Amino acid sequence: MSPLFLLLTLVVFFLSFLTLHSASPSTTGGTILVKGSSTILSENATFRLGFFNTNGDSNWYLGVWYSSVPTPTYVWVANRQHPTRNLDTSSFVLDGSGRLAVKQSENETVWESTNTEFSTEGRFLDNGNLVLLTREGTVSWQSFDHPTDTWLPGMNLTKVRFLTSWRSFSDPSPGLYSLRLKPPDFGGFQLVHNATEVYWSTGNWTGETFANVPEMTIPYIYKFSFVDPFTPTASFGFTLRPLDTGLVPPLSRFKMDYRGQLQQYTWSPQTEHWDMFWSQPESVCRVYGLCGSFGLCNSSGVRPCECLPLPGFEPVNHEAWESEDYSSGCRREIESSCEGNDRFEGVGAVRFDGAVRRSFSSDRKGCESACLEDCACFGLYYDVSSSLCKNLYGSLLNLRNISDSVDGEEVLYVRVARGGRIEEKRKRFHLLSLAIGITGSVLVLGFIGVVSMVLIARRRKSRKEVDEDGGFPILNLKVFSYKELHLATRAFSEKLGHGGFGTVFQGVLSDSSTIVAVKRLERPGGGEREFRAEVCTIGNIQHLNLVRLRGFCSENSHRLLVYDYMPNGPLSAYLRREGPNLSWDVRFRVAVGTARGIAYLHEGCRDCIIHCDIKPENILLDSEFTAKVSDFGLAKLIGRDFSRVLATMRGTWGYVAPEWISGVEITTKADVYSFGMTLLELIGGRRNVEAPPSAKGGGAGVGEKWFFPPWAAQQIIEGNLVAVIDSRLGGAYDTEQAKRVGLVAVWCIQDEEAMRPRMGMVVKMLEGVVEVTVPPAPKLLQALVSGESFCGVRADSGNRVSSGGGFYGDNMAIVSSCGSESCLGDVPSPANENVNA
Ligand SMILES: *[C@@H]1O[C@H](CO)[C@@H](O)[C@H](O)[C@H]1NC(C)=O
Ligand SMILES: *[C@@H]1O[C@H](CO)[C@@H](O)[C@H](O)[C@H]1NC(C)=O
Ligand SMILES: *[C@@H]1O[C@H](CO)[C@@H](O)[C@H](O)[C@H]1NC(C)=O
Ligand SMILES: *[C@@H]1O[C@H](CO)[C@@H](O)[C@H](O)[C@H]1NC(C)=O
Ligand SMILES: *[C@@H]1O[C@H](CO)[C@@H](O)[C@H](O)[C@H]1NC(C)=O
Ligand SMILES: *[C@@H]1O[C@H](CO)[C@@H](O)[C@H](O)[C@H]1NC(C)=O
Ligand SMILES: *[C@@H]1O[C@H](CO)[C@@H](O)[C@H](O)[C@H]1NC(C)=O
């Protein structure tokens with residue numbers, strides 16, 4: 001290494017908050033900004049710039065990523081298509097011609113910036129933008145003008161600046177999917193496959209939002225700006241809005257995913273996850289060409305693509321397929337042979353794109369032989385009633401199974417080889433794998449043996465430790481053995497229900513003949529010690545309106561909780577038209593009782609517990625129809641797999657307290673919001689997402705799923721409570737009480753956290769201790785449902801609600817300190833001060 005190099009490198013290290021001054025134009029080497037594994041931080045250290053590789057191979061890319069995020073998240077890549085092969089000799093320089101360059105070695109440039117003006121200075125801004133300035137201080141080149149797959153706040157997309165996905169999760173080279181301004185009018189965006197096939201569109205700009213993206217009205221984190229829409233100079237960008245709380249806005253970005261979805265992420269410091277709040281198309285199976293030719297898409301699988309389930313079909317490129325680049329698709333193994341004795345196999349009713357069809361009238365036999373005679377023909381449709389034959393050529397994209405949804409569709413037949421070869425090959429394969437299997441098993445068994453011995457030794461040790469601890473400090477919690485509970489529940493045979501955290505079974509304790517509810521936790525996270533500590537906290541919390549934990553079991557991988565049994569079941573059972581009815585008196589007691597239970601969690605116990613999953617499924621009724629809140633404190637115990645839950649929650653923001661999207665710390669006000677939603681369901685005697693109450697309902701077609709809260713809120717504010725209240729009550733209700741419950745519900749679902757009352761105040765308002773004023777209309781809700789595209793989403797979320805899987809807040813109870821301002825803070829007054837108790 002030359003002394004000059006060394007010197008320059010040192011200089012760069014010292015100037016790592018860089019203002020990159022170039023050496024004079026005559027210096028051939030230029031200024032080295034990054035060499036080998038050294039990196040540079042942006043001005044306030046939000047981003048880092050340097051070389052990275054993605055899967056341990058020898059391809060090195062010069063890129064930008066978040067410096068504070070533990071999972072590497074690359075937002076820009078310079079040499080997408082031309083990786084360097086050796087990290088030690090790779091460098092990033094401001095070269096002698098005033099351009100940025102990525103060099104594989106001293107005299108091998110793999111990438112260069114495209115500025116024409118000579119630049120003397122580079123700056124790495126804290127928004128992630130790498131900027132080159134001329135001597136006059138004007139921008140001659142910036143990385144924000146050359147986006148890759150990520151759209152950051154401050155970056156504008158234009159006719160010539162668009163996002164292009166990576167090729168696969170580990171290959172930054174340009175993939176097939178892009179987000180671009182829609183030609184020819186440039187009044188909106190579209191997602192495009194291979195620059196030709198449009199598979200999703202934002203719809204036209206309406207002045208404030210795009211027609212198909214009603215979520216944009218949520219004002220929480222972004223400010224969007226569209227300069228010159230509907231002209232060739234159109235430029236669209238977004239910035240982060242300063243938060244009302246004065247806190248730093250969360251890290252946030254849009255990404256054109258390699259699987260063709262446009263996704264929006266916000267970093268949650270609470271969970272150390274990128275939470276995805278929005279993505280389009282909703283299902284990956286709506287992405288054009290995702291699985292390639294002869295690939296079948298299944299959105300519920302971890303890997304969405306598989307080859308047609310017919311003998312002889314396999315991925316064209318196994319390696320690419322493994323790295324989740326499915327675009328090359330599948331092929332018939334013996335395609336080239338084109339034998340006359342091929343046969344046809346039905347794959348059910350499917351829809352697809354891409355194939356060329358040749359139609360003619362013929363009988364079935366003629367249809368088949370016409371296809372067999374032509375090596376290029378891969379399959380056929382045959383319609384018996386009209387004797388119409390369609391032979392198919394080319395590629396078979398976007399296969400969608402519609403067998404379940406449509407009757408009488410034509411069945412697709414695909415050509416496969418008859419017998420012989422494949423079977424023979426399979427047999428050989430089987431023998432081979434058998435041989436591998438046997439050798440493998442011996443090894444595996446040996447390995448298992450060693451591991452279990454180690455484990456047993458460990459377990460002995462940990463048992464001992466627990467015993468030495470003196471077991472369990474809480475006396476009113478019983479520790480059950482798994483065998484005991486297995487017996488009590490008759491081998492877990494009497495299922496009471498299934499929630500977000502696990503399945504609940506009825507059981508009878510052998511010693512006391514008491515009936516209990518046993519909750520078997522799924523995906524238990526954390527160790528035994530954490531579990532015990534958490535159970536201890538929950539067990540210590542006792543209140544008339546909280547379900548009592550009697551005991552638990554923690555044995556091997558089993559984690560079970562034993563609760564008092566609630567004979568009248570969950571509130572949700574009474575919110576169905578066909579279901580049993582609750583009198584007004586009971587409903588009112590349930591409203592007040594639930595509020596008291598939650599208020600106790602928030603304000604009454606030592607640690608402030610945010611439930612995060614308030615909904616009718618989690619409000620149980622005892623023999624006297626007293627409301628008992630269940631499942632509190634559980635999420636913390638399970639571990640927080642935030643992203644998964646949020647991913648299933650896409651497009652249903654209306655159900656979750658809107659501040660959740662901002663990634664700021666969740667407070668007790670999130671529970672208040674969910675409680676408000678629950679109150680609406682309670683007085684309406686219905687679920688928030690279902691068919692409209694009657695013809696006069698809020699503007700949705702009959703038979704369509706419909707989002708109740710915005711309409712109900714409007715009626716309540718206008719004093720038209722009668723329209724909202726459950727008709728099954730037949731008018732038998734206390735008008736004053738009902739009015740209070742309605743108004744409180746609307747106060748609880750206010751957009752702004754600060755506008756929602758504390759739970760303690762909610763109790764007082766419901767009890768009539770303080771007078772309740774008329775709240776303003778929750779605007780976000782209204783906005784969310786006014787967008788046309790929301791219809792589909794509504795139907796979708798309806799299914800989720802009724803499945804009882806707990807899609808709001810599944811895994812997210814958070815214990816925070818009660819002393820914190822966010823727990824207790826309260827701003828405007830939904831109640832009149834003068835009547836204070
Ligand atoms: C960097 O942080 C300081 C202190 O927080 C702040 O005053 C300054 O505006 C920030 N600069 C940039 C470019 O963000
Ligand atoms: C760079 O170029 C010089 C002369 O052109 C040559 O001698 C040297 O081998 C080259 N270095 C590499 C690493 O290719
Ligand atoms: C994006 O557009 C806005 C509004 O025209 C402009 O102020 C800003 O400088 C642009 N950003 C970049 C990085 O060009
Ligand atoms: C993409 O388009 C190019 C040029 O139009 C074409 O050659 C190529 O086959 C296409 N690739 C796919 C996967 O459709
Ligand atoms: C969007 O705007 C363009 C240009 O004004 C118009 O031609 C087109 O019909 C609009 N599309 C929709 C769906 O309204
Ligand atoms: C889709 O994937 C899920 C989960 O892997 C599986 O249970 C289901 O059977 C698959 N469906 C089809 C049609 O292959
Ligand atoms: C489509 O679904 C039907 C019914 O579920 C099934 O019998 C058929 O095999 C499926 N077809 C494909 C191509 O997966």
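Ligands are counted one by one from 1 in listed order, and the atoms in each one are counted from 1 as well. Keep in mind that the numbers below use all heavy atoms, side chains included, and drop hydrogens, waters and symmetry copies. Computed from a predicted model, the values in this text were never measured in an experiment.
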Exercise. Among all residues two or more places apart in sequence or in another chain, which pass the side chain to side chain donor-acceptor pair (under 3.5 Å) test with N391?
Worked result: none
Under 3.5 Å, which donor-acceptor pairs link side chains of residues 285-296 to any protein atom two or more places apart or in another chain?
residue	atom	partner	partner atom	Å
S293	OG	L396	N	2.8

Exercise. Are F236 and F210 an aromatic pair by the rule of ring centers under 6.0 Å?
Worked result: yes
For this session: Mind checking side-chain contact (heavy atoms from CB on, under 4.5 Å) for S327 and listing every partner two or more places apart, or none if nothing turns up?
Result: R167, L176, D325
For this session: Using distance alone, determine whether N194 and ligand 4 share an N or O pair under 3.5 Å.
Result: yes
For this session: Within a distance under 4.0 Å of any heavy atom of V227, pick out the atoms of ligand 3 and give their elements.
Result: 5 (O)
Seminar exercise, completed: Quick note on ligand 3: atoms under 4.0 Å from a heavy atom of N156 include exactly 1 (C), 2 (O), 3 (C), 8 (C), 10 (C), 11 (N), 12 (C), 14 (O)
Exercise. According to the interplanar angle, ranging from 0 to 90°, do the rings of F92 and W111 count as parallel (below 30°), tilted (30 to 60°) or perpendicular (above 60°)?
Worked result: tilted
Seminar exercise, completed: Going by the 4.0 angstrom heavy-atom rule, the piece of Q142 near ligand 3 is side chain
For this session: Enumerate the protein residues lying less than 4.0 Å from ligand 5, judged by heavy-atom distances, in chain and residue-number order.
Result: D185, N204, F230
Exercise. When you check the side-chain N and O atoms of T196 and N194, is any donor under 3.5 Å from an acceptor?
Worked result: no
Exercise. Going by atom types only, do T46 and S42 share a side-chain donor-acceptor pair under 3.5 Å?
Worked result: no
Exercise. Has ligand 3 got any nitrogen or oxygen that is less than 3.5 angstrom from a nitrogen or oxygen of S235?
Worked result: no
For this session: Give me the one residue out of Y199, F162, W200 that meets ring-ring contact (aromatic ring centres under 6.0 Å, His included) with Y177.
Result: Y199
Exercise. Does even one non-hydrogen atom of G154 get within less than 4.0 Å of ligand 3?
Worked result: yes
Exercise. Does S279 reach the main-chain N or O of Q263 with its side chain, forming a donor-acceptor pair under 3.5 Å?
Worked result: no
